[in-house]
Amino acid sequence: MSTSGLRIFVLAAFLPHLAVSAGQEEATHTGARENMVHTQIEQRGIADKSVLEAMSTVPRHRFVPKAYRDRAYQDSPLPIGHGQTISQPYIVAAMTELVRPAASSKVLEIGTGSGYQAAILAGLVDHVYTVEIVEALADSARQLLQQEGYDNISVREGDGYFGWEQYAPYDAIIVTAAAQYIPPPLLEQLKPGGRMIIPVGSPFFVQRLMLVEKDTDGDISSRSVMSVRFVPFTRE
Ligand code: SAH
């Protein structure tokens, strides 16, 4: 056998093995994801079929750093670098359900982080606009979302306090960092009849997750939904 013949033989002998183990790994993640949706999300009262479907479909393990991949489906937030975290799966599902995403909705997210929440929304709505203050996170999320084939998510680096004026108003706004108060530009960029979900309170303590609604006359009302703990909303 020539050297190149030998090389081909060696490659061929290893390839099926590699393919099987990659397939096995994906199957393990799929099983863990099904279990996550059932025990952490459905059993805690999330009933919206489209939200459950999105949580069952998006490969959360690809949105966490490699070192945490085998913990991607556990019931907790995880570090994503730069002192930031990907939210706990239940919180992502609950916030998504609370803004009542519709197929025609235009949604603004503040705090792109890993891009996971944006990916969940992208399967449910027309377009997701997401703003991230840490440039490196904005860049890596943009790259990952493109690689995963999402063509209805726009990522921008910047201070989300000012929203994203260019595409306003939005049917829904999801803020994934804890603010001391609701940034007025976000209230302005919410469509009449629209909903915003935002954790409000002191950073590093427990905050209240607030559901803010703007009625068709433009009047604002809000109510507290649950206690949460988010990373702080920072300013440029
Ligand atoms: N939605 C994210 C969770 C990210 S954690 C996910 O699914 O992974 C919150 C993110 O908000 C962090 O990445 C943080 O850098 C970002 N952030 C904090 N303050 C911000 C601001 N003023 N504007 C935009 N992003 C902000």
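All of these numbers come straight from a predicted model, not from anything done at the bench. Order of listing sets the numbers, starting from 1, for every ligand and every atom in it.
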Discussion item. Let me confirm one number: the CZ-CG distance from Arg100 to Leu124, rounded to the nearest 0.5 Å.
Written reply: 15.0 Å
In the protein, which heavy atom is nearest to [atom], and how far is it?
atom: atom 11 (O) of ligand 1; result: Gly111 CA, 3.2 Å
atom: atom 22 (N) of ligand 1; result: Thr234 O, 2.6 Å
atom: atom 23 (N) of ligand 1; result: Gly160 N, 2.7 Å
atom: atom 12 (C) of ligand 1; result: Gln84 OE1, 3.2 Å
atom: atom 9 (C) of ligand 1; result: Thr176 O, 3.2 Å
atom: atom 7 (O) of ligand 1; result: Gln117 N, 3.1 Å

Is it true that [X] and [Y] fall in one hydrophobic cluster, defined by side-chain heavy atoms closer than 4.5 Å?
X: Val99; Y: Ile173; answer: no
X: Leu121; Y: Leu209; answer: yes
X: Val134; Y: Phe230; answer: yes

Discussion item. Is the ring pair Tyr161/Tyr181 parallel, tilted or perpendicular, if the boundaries are 30 and 60 degrees?
Written reply: perpendicular
Does ligand 1 come near enough to [X] that some N or O of the ligand is less than 3.5 Å from an N or O of the residue?
X: Ser87; result: no
X: Glu132; result: yes
X: Val231; result: no
X: Ile133; result: yes
X: Ile86; result: no

Do the side chains of [Y] and [X] get nearer than 4.5 Å, heavy atoms only?
X: Met226; Y: Ile91; result: yes
X: Asp159; Y: Phe233; result: yes
X: Asp171; Y: Lys191; result: yes
X: Pro183; Y: Phe162; result: no

Worksheet item: ligand 1 versus Thr85, non-hydrogen atoms closer than 4.0 Å: side chain, backbone, both, neither?
Response: backbone
Worksheet item: For ligand 1, which part of His82 has a heavy atom less than 4.0 Å away: the side chain, the backbone, both, or neither?
Response: neither
Could you tell me whether ligand 1 has any atom less than 4.0 Å away from a heavy atom of [X]?
X: Thr112; answer: yes
X: Pro232; answer: yes
X: Gly83; answer: no

Item to complete: Identify the two heavy atoms, one from Met36 and one from Arg60, that lie closest to each other, and give their separation to 0.1 Å.
Response: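 That would be SD-CD, 4.4 Å.
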Fill in: Shortest non-hydrogen contact from Pro59 toward Glu148
CG-OE1, 3.8 Å
Discussion item. Regarding atom 6 (C) of ligand 1: of the candidates Pro203, Ser114, Ala136, which has the closest heavy atom?
Written reply: Ser114
Worksheet item: How about Gln117 and Thr96: does a side-chain donor come under 3.5 Å of a side-chain acceptor?
Response: yes
Show me which atoms of ligand 1 lie under 4.0 Å from any heavy atom of [X].
X: Val134; answer: 15 (O)
X: Ala177; answer: 11 (O), 18 (C)
X: Gly158; answer: 23 (N), 24 (C)
X: Leu137; answer: 13 (O)

Practice prompt. Determine, using ring centers only, whether Tyr129 and His127 are less than 6.0 Å apart.
Written response: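 They qualify: ring centres under 6.0 Å apart.
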